[in-house]
*Asks:* 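Please see the structure below; I have some questions.
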Amino acid sequence: MLDLPSVIGHRGAARHAPENTLISIRTAALQGARWVEVDVKLTADGVPILLHDDMLDRTTSGHGPAAALTFEEMRRLDAGGWFHPTFRGERVAALSELLALAVELELGLNLEIKPCPGRAEETAGVAISLALSLWPQDRPPPLVSSFDFAALRMVRQVAPHWPIGYLIDRRRPDWRQQADAVGAATIHVNARRESARTIAEYRATGRQVLAYTVNSVPAAREVLGWGVSGVFTDTPETLIKGLAARGTDRG
Ligand code: G3P
Ligand code: MG
């Protein structure tokens, strides 16, 4: 069993700071999150960075496919001003920086491998090899998840002992076989598509379940009541305080 908190910061604290940046991670920690989730992909020259979309336009000052820019080119972009002018100057974070910050802040990590098209195995291989080399052996390893099965198979190969999260949006008929094949420790589901019955099915496989993205206390309370271990949220403080208010927070 993994020591999972009931509240995990989604892309840091995505409602309060520009998602997947270092300031978003610090914000989540300041809000009381013990764990954060981030999205990992590769630059054109193979450097693992934090970014959700395949395109640069929504969350940076750049345009076009993220996979077209080298790390050096990407670092010239602004990854904060789109969110609010006070965050201007924030840069696209390197995975190496995220790992160092998580160690500094003693945060648990969920690294979601979010490959650009055609780069699933490469992204998982490069990112997790780097994480393995940088992550302190005396800290619990990051939980590594992906919607991409090929990426998860590569994670299992590169880091045989690190926990894997099997991500589901619309579930496929063979979700059980795939989760078994990569030795998934957890199943991460879209809270809006699930029910008490489906959560019970996932839990019956002996796995802990996490649900994304839950931004209200009543919604969090409902899925936690179904047996979900924790929720990913853009607003950690709201949920931590709201759940604690009625004495149901499990940390
Ligand atoms: O890892 C949970 C969640 O982040 C998956 O969806 O699109 O927000 O990365 P997305
Ligand atoms: Mg994600």
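What's counted below: heavy atoms across the whole structure, side chains too, no hydrogens, waters or symmetry copies. Residue numbers start at 1 and run along the sequence shown. Atoms within a ligand are numbered from 1 in the order they appear, just like the ligands themselves.
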*Asks:* Give the residue, atom name and distance (to 0.1 Å) of the protein heavy atom nearest atom 5 (C) of ligand 1.
*Replies:*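 Answer for atom 5 (C) of ligand 1: Glu112 OE1, 3.4 Å.
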*Asks:* Heavy-atom pairs closer than 4.0 Å: do any link ligand 1 to the side chain of His188, the backbone, both, or neither?
*Replies:*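 The answer is neither.
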*Asks:* Ser145 to ligand 1: N or O pair under 3.5 Å?
*Replies:*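 No, Ser145 has no N/O under 3.5 Å of an N/O on ligand 1.
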*Asks:* How does Asp39 reach ligand 1, if at all, at less than 4.0 Å between non-hydrogen atoms: by side chain, backbone, both, or neither?
*Replies:*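 Under 4.0 Å from ligand 1, Asp39 contributes side-chain atoms alone.
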*Asks:* Side chains of Gln208 and Tyr202: do they bring a donor and an acceptor to under 3.5 Å?
*Replies:*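 Absent: no donor and acceptor within the cut-off.
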*Asks:* Under 4.0 Å between a side-chain nitrogen and a carboxylate oxygen: does that hold for Arg75 and Glu97?
*Replies:*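 A salt bridge links Arg75 with Glu97.
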*Asks:* Between Arg58 and Asp53 (salt bridge meaning N to carboxylate O under 4.0 Å), is one present in this structure?
*Replies:*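 The answer is yes: the pair qualifies as a salt bridge.
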*Asks:* Taking 4.0 angstrom as the limit, do Arg11 and Asp234 come out as a salt bridge?
*Replies:*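 Between Asp234 and Arg11 there is no salt bridge, as every charged N stays at least 4.0 Å from the carboxylate O atoms.
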*Asks:* Considering only non-hydrogen protein atoms, determine which one is nearest to atom 9 (O) of ligand 1 and report residue, atom name and distance to 0.1 Å.
*Replies:*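 Protein heavy atom at minimum distance: Lys114 NZ, 2.7 Å.
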*Asks:* Classify the side-chain pair Asp148/Ser146 by whether it contains a donor and acceptor separated by less than 3.5 Å.
*Replies:*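 Absent: no donor and acceptor within the cut-off.
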*Asks:* Decide whether Thr238 and Asn215 meet the rule of one side-chain donor and one side-chain acceptor closer than 3.5 Å.
*Replies:*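 The criterion, which ignores hydrogens and geometry beyond distance, is not satisfied for Asn215 and Thr238.
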*Asks:* Looking at the Mg ion (ligand 2), which N/O/S atom of Glu112 is the nearest one?
*Replies:*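 The atom in question is OE1.
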*Asks:* Under 3.5 Å, N or O to N or O, is His52 touching ligand 1 that way?
*Replies:*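 It does: an N or O of His52 is found under 3.5 Å from an N or O of ligand 1.
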*Asks:* To the nearest 10 degrees, could you say what angle the Mg ion (ligand 2) makes with OD1 of Asp39 and OE2 of Glu37?
*Replies:*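 Vertex the Mg ion (ligand 2), arms to OD1 of Asp39 and OE2 of Glu37: 110°.
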*Asks:* Decide whether Thr235 and His16 meet the rule of one side-chain donor and one side-chain acceptor closer than 3.5 Å.
*Replies:*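 Side chains of Thr235 and His16: pair found under 3.5 Å.
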*Asks:* Quick check on contacts: which atoms of ligand 1 are under 4.0 angstrom from a heavy atom of Glu37?
*Replies:*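 Near Glu37, the atoms of ligand 1 are 1 (O), 2 (C), 3 (C), 4 (O).
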*Asks:* For atom 8 (O) of ligand 1, which protein heavy atom lies nearest, and how many Å away is it?
*Replies:*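 Looking only at protein heavy atoms, the one closest to atom 8 (O) of ligand 1 is Arg11 NH2, 2.7 Å.
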